[in-house]
Every structure is written in structure tokens, then in C-alpha cells.
A.B. asks: 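There's a structure below that I have some questions on.
So you know, we letter chains A, B, ... as the sequences are listed, proteins then strands, and number each from 1.
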2 protein chains.
Amino acid sequence: MSTQSVVTAIRVLEAVSDNQPAGLSELSRELDVPKATVLRMLRTLAELGWVAQSEAQAGKWVLTNHAFAVASRGSSGSVIRDAAMGPLNALQLDTTETVHLAVPDRGHMLIIERLDTPHVLRAFLPLGSRLPMHASSTGIAYLSAAEDKIVDEYLAAPLEALTPQTVIDPAQLRAMIGETRARGYSINEQGLSTGITSIGVPLLGPGGVAAGSISISGPSSRIVPAKYQEYGEAAAGTAREISRVLGAFSTKTY
Amino acid sequence: MSTQSVVTAIRVLEAVSDNQPAGLSELSRELDVPKATVLRMLRTLAELGWVAQSEAQAGKWVLTNHAFAVASRGSSGSVIRDAAMGPLNALQLDTTETVHLAVPDRGHMLIIERLDTPHVLRAFLPLGSRLPMHASSTGIAYLSAAEDKIVDEYLAAPLEALTPQTVIDPAQLRAMIGETRARGYSINEQGLSTGITSIGVPLLGPGGVAAGSISISGPSSRIVPAKYQEYGEAAAGTAREISRVLGAFSTKTY
DNA sequence: AACCATTGGTTCATCCAGTGAACCGACGAT
DNA sequence: ATCGTCGGTTCACTGGATGAACCAATGGTT
């Protein structure tokens with residue numbers, strides 16, 4: 001609508017992020033924007049310190065960590081994180097397994113924090129990982145608390161399987177979401193990564209709106225069915241605490 | 001120089017990031033850009049999903065976590081992280097203290113990864129934290145391996161004290177950097193946060209250029225002087241391993 | 001209760017910054 | 001020797017970006 005050069009610049013930025021190290025022609029083709037324009041954007045973004053020419057491969061462009069630094073202070077990021085870190089820390093100490101804090105972003109769950117297990121056998125996700133909602137316990141947990149519209153839209157899009165165990169059938173996913181709602185926590189057995197099981201619980205923000213989720217993850221050899229209930233309830237208690245701080249149960253409405 | 005609307009947009013974005021929830025007039029004043037322009041930028045960025053109106057306070061603008069998602073895939077971020085995680089994991093298990101991975105960003109150290117201690121008494125930094133170089137072991141470690149020009153420039157700017165123990169005297173900091181260079185690791189006793197001591201070691205990238213640093217941190221009650229050498233040498237070994245993977249010692253030059 | 005200084009947000013004539021087709025030299029594969 | 005691709009450059013044209021002046025609304029002072 002307006003400021004189209006800014007739109008182009010951001011599109012270039014996102015394309016670079018997706019194609020890491022990205023070539024000029026490649027970007028031009030993908031975005032359907034003339035090379036000259038793409039290059040101008042890249043140069044401008046480079047001046048600002050958001051992208052740089054790859055040192056390994058000249059002519060290839062990559063994001064800088066300055067981009068990361070600026071964006072780290074994401075709003076819901078820090079608000080939720082501030083509320084979550086204390087309770088999450090306690091949960092990690094209780095369970096001794098890795099716990100994750102995730103927020104939704106365009107059909108994915110974005111991992112914004114992690115507290116890890118002391119066990120030698122560790123399975124964790126890098127900060128900033130984006131997980132498909134249907135393939136993660138955090139995603140199913142989030143969907144279980146989200147508005148129907150969000151669930152419908154998500155399930156309408158084609159779903160990808162990450163492992164042989166990933167559930168991609170919408171009907172089956174709806175059933176899982178229902179179970180999660182009833183039980184209070186979601187269970188993902190190797191749907192994200194083979195050998196990893198995880199338990200998720202949604203977080204609610206002001207007005208009871210789904211704001212994100214937390215999870216307990218570990219090797220399937222350690223997170224066995226006999227522990228599901230214990231971990232699920234522990235996580236649910238932690239989530240309630242965080243949601244309260246976020247104002248989920250506040251009566252004040254303004 | 002060119003594409004100034006893009007420059008303005010990014011400046012607006014960074015200003016929002018710094019002022020979290022930021023008002024229109026406030027941004028306009030700070031950036032010295034007319035309100036109309038700032039607003040147009042905000043609207044455009046909002047369309048793209050990078051900023052949004054705060055739900056709590058109408059008219060205030062905040063970053064979304066989409067911004068975070070895009071920027072998380074920072075180049076040096078993942079290259080360094082990939083190289084570092086294995087050795088860092090081993091270091092954490094060896095020492096049982098919290099270890100951090102940090103990269104430089106405009107006078108700060110940016111924490112891009114963390115592995116936690118199993119101890120109940122924990123001291124950790126949120127991922128994405130930005131620490132002043134002079135107040136962190138990672139910062140001093142980085143500076144000890146950086147080019148003189150970088151050190152000179154950093155020390156020329158005014159330095160802020162975060163605790164009563166923070167060293168802000170340039171001469172003293174130079175001495176610390178020298179010691180770090182000689183010894184192989186830096187020590188920060190409560191300069192960042194009261195009660196926290198940490199040991200840092202620089203990481204070298206291709207061509208031996210300082211690329212970041214790692215650190216071991218914990219409560220000053222546990223990280224006592226008697227352990228400095230042990231931890232320092234352990235971290236130095238880990239750093240050497242990571243630097244090798246990054247190509248610091250490669251003879252190939254292209 | 002009139003006043004003033006803010007706030008977020010809007011309008012629109014002016015003009016310069018952004019656009020993109022066509023171009024270049026370099027490299028690799030055939 | 002030829003082709004296709006790469007990253008990068010040029011430049012005339014024009015439509016998108018600019019910013020001073022303008023609202024209406026809020027809240028603190030007197």
C-alpha cells in the first residue's frame with residue numbers, strides 16, 4: 001500500500017534469512033524484484049549492519065547478529081519471558097529435564113527460552129528454532145487453548161511430517177487437541193525428532209487468550225508413559241502460575 | 001546514501017526495540033523524523049508483522065516475535081553455534097557450571113547460547129542479552145583477541161558501571177585485557193552482577209580474527225579463586241577446539 | 001472550568017528518491 | 001568457441017515518499 005521500498009527491503013531481509021547464504025540472482029528471482037533493486041536493498045541493509053557479505057563466499061549475503069540483537073527484545077518475547085523464567089526454573093529443577101518456552105509465530109512455535117537438563121543425554125533446540133505446530137508438544141498445547149478459527153486455519157494448510165511418527169492427519173490432530181484440552185497437557189512422542197518425547201502446556205495472556213506454551217522434553221527412554229501424568233501436572237501448575245502473572249485470570253478489563 | 005526510506009524504517013524499528021513500548025511522538029522526537037513519516041513506517045512494519053500496537057496500551061508500539069524469528073537465523077549465529085555446541089556441552093558437563101556463548105555486537109556481547117548448571121543456585125542471562133564488554137568476562141576475553149583499533153574505540157567511549165565492582169577505568173581495563181592475553185582467560189568478579197563471577201575465553205574465526213567468546217559463570221561463592229585456573233584452562237581448551245572448527249588455524253587463505 | 005501542553009493520528013502539494021530494463025565483465029560447463 | 005549464469009552497474013523516468021500544518025482527544029494546572 002505504501003512505503004513499498006520498505007516492504008521490498010524487509011522482504012529481502014526475510015528472504016536472506018530463509019536462504020542463508022543467499023545470492024543476488026537467487027533473491028531477485030525468488031522475490032520477483034529486479035537485481036538492481038535487491039542489490040540496493042542489500043547495500044542499505046548492510047550499511048545499517050543487518051546483513052553482510054559472507055566471508056566464506058563472496059557475493060553471498062547473510063544476516064548479521066546485530067539483526068538478532070535488535071529483534072531479541074521482542075515484546076511478547078520479553079514480557080512472557082520475564083513472567084516465565086522464575087517458575088520455569090523451578091520446573092526444570094523439579095523434573096531435571098529440559099524445559100522450553102515457546103510463542104506462536106505464523107503457524108510455527110518459536111523457541112524463545114530453554115533451561116536444560118544436567119543429564120549427559122541432552123536433546124535441546126537452539127534458541128530461535130521454529131517448529132511446526134502439529135509436530136511439537138508446544139504447538140498442540142498452544143492450539144488447545146487457541147481460538148477455533150486459528151485451529152481451523154492451521155489444519156486447513158498442508159502439513160509436513162518430520163519423522164515417521166509425525167501426525168499429519170487433521171482429524172487425528174483435532175482429537176489430540178481435544179485430549180490435550182481435557183487432560184491439561186499435550187504429549188508428543190517422537191513426532192518432532194526421533195527418540196524425543198515431550199509434554200506441553202499452554203500459557204494464557206490477558207483475557208485468557210493463548211499466548212504461548214511451555215514444554216518438558218527429553219529422550220523417549222527417560223520420558224516414559226509412566227511419567228506423563230507427573231510431568232504434565234507439574235508443567236500445568238507452572239503454566240498456571242505464569243498465566244496468572246501475565247494477567248490471564250485478572251478481572252480488570254482494560 | 002540511498003534508499004533513505006528504508007534507512008528510516010530500520011531506524012524506527014531499532015528505536016522501537018530500544019524503547020519498548022514506544023509512543024509515536026517519542027520516536028519522532030528521538031529520531032528527528034516527522035511524526036507522519038514515523039507513523040507510515042510503523043504501519044508498514046506492522047503490515048509486515050514486525051511491529052504491532054501494544055495490547056496493553058493503545059498507541060504504543062512494540063516488536064513482535066516474528067521479528068525475532070526472522071533475525072534468529074543470524075549467520076555468524078548459527079555458524080558459530082554449530083561449531084560451538086558440541087565442545088561447549090562437554091565443558092558444561094565437566095565443570096557443572098553455566099556456560100555461555102557470546103558474539104560481539106556494537107560494543108556489547110550478545111549471548112546467543114547457554115547451557116545450564118544443575119545447581120539450584122543458578123545465575124543465568126536470558127538468551128539474547130546484551131552485555132557491555134567492559135563489564136563481562138566474555139567482553140574482556142573478546143577484546144583481548146580483537147584488533148587494537150577495536151579496543152581503542154571501545155575504551156574511548158564512556159563506560160557505565162553496573163555494580164560497585166564494575167571496572168570502568170580505561171587504563172585498568174587495558175591492564176585486564178593484557179593479563180587476559182597473557183593468561184589465556186579473563187576473570188570478572190561481580191562486575192556484571194553482584195554475587196556472580198565468571199571466566200571468559202575468546203573464540204577465533206578464519207584468519208585468527210576474534211569472533212566471539214565463551215564463559216563459565218556462577219555464584220561467587222562457588223567460583224572461587226582456587227578454581228580460576230582449572231576453569232580457565234578447561235575453557236581455553238574448549239575454545240581452541242571451537243576455533244579450530246571455525247577455521248582459525250587453517251592455512252588455506254581464501 | 002477555562003487553559004495549556006501533550007498525545008496519536010491525518011492531509012496533501014511538492015519533488016526527489018526509488019525503479020527496472022538494459023548493460024558489463026567474469027566464470028564454468030559443454 | 002559458445003552459451004548460460006553469476007554479481008554488479010548505469011541512468012532516464014516517474015510515482016512514491018516527504019514533512020509542515022492541521023485535527024481531535026486527553027490530562028494536568030491554576
A.B. asks: Which residues within residues 8-19 of chain B lie with some heavy atom under 4.0 Å of an atom in DNA chain C?
C.D. replies: none

A.B. asks: Taking only Lys NZ, Arg NE, NH1 and NH2, and the carboxylate oxygens of Asp or Glu, determine whether B:R11 and B:E30 approach each other closer than 4.0 Å.
C.D. replies: no

A.B. asks: What is the distance from atom CE of A:M133 to atom CE of A:M109, rounded to the nearest 0.5 Å?
C.D. replies: 5.5 Å

A.B. asks: Between B:R40 and D:dT18, is there a side-chain N or O to OP1/OP2 distance below 4.0 Å?
C.D. replies: yes

A.B. asks: B:I140 pairs by side chain to side chain contact (heavy atoms under 4.5 Å, CB included) with which of B:P202, B:S215, B:S186, B:S213?
C.D. replies: B:S186

A.B. asks: Are side-chain N/O atoms of A:S5 and A:T8 paired as donor and acceptor at under 3.5 Å?
C.D. replies: no

A.B. asks: Please report the shortest heavy-atom distance between B:A69 and A:R130, naming the atom on each side.
C.D. replies: CB-NH1, 3.8 Å

A.B. asks: About how many Å separate CG of B:L246 and CD of B:E241, when rounded to the nearest 0.5 Å?
C.D. replies: 11.5 Å

A.B. asks: Atom pairs, N/O to N/O, protein against nucleotides 6-9 of chain C, distance under 3.5 Å?
C.D. replies:
residue, atom, partner, partner atom, Å
C:dT7, OP1, B:R29, NH2, 2.6
C:dG8, OP1, B:L24, N, 3.0
C:dG8, OP2, B:S25, N, 2.6
C:dG8, OP2, B:S25, OG, 2.5
C:dG8, N7, B:K35, NZ, 3.3
C:dG8, O6, B:K35, NZ, 3.3
C:dG9, OP1, B:Q53, NE2, 3.3
C:dG9, O6, B:K35, NZ, 2.9

A.B. asks: Nearest 0.5 Å, please: how far is CG in B:L125 from CD1 in B:I111?
C.D. replies: 5.0 Å

A.B. asks: Could you check whether A:T44 and B:T3, counting side-chain N and O atoms only, form a donor-acceptor pair closer than 3.5 Å?
C.D. replies: yes

A.B. asks: Take the C1' atoms of the five end pairs on each side of the helix from C:dA1-D:dT30 to C:dT30-D:dA1, get both axes, and report the angle to 10 degrees.
C.D. replies: 40°

A.B. asks: For A:A235 and A:I214, which heavy atoms make the closest approach, and how far apart are they?
C.D. replies: O-CD1, 3.5 Å

A.B. asks: One thing to verify: whether B:R114 and A:E113 come together as a salt bridge, which I'm taking to mean a side-chain N less than 4.0 angstrom from a carboxylate O.
C.D. replies: yes

A.B. asks: Quick one: is C:dT19 close enough that its OP1 or OP2 comes under 4.0 Å of any side-chain N or O from A:Q4?
C.D. replies: yes

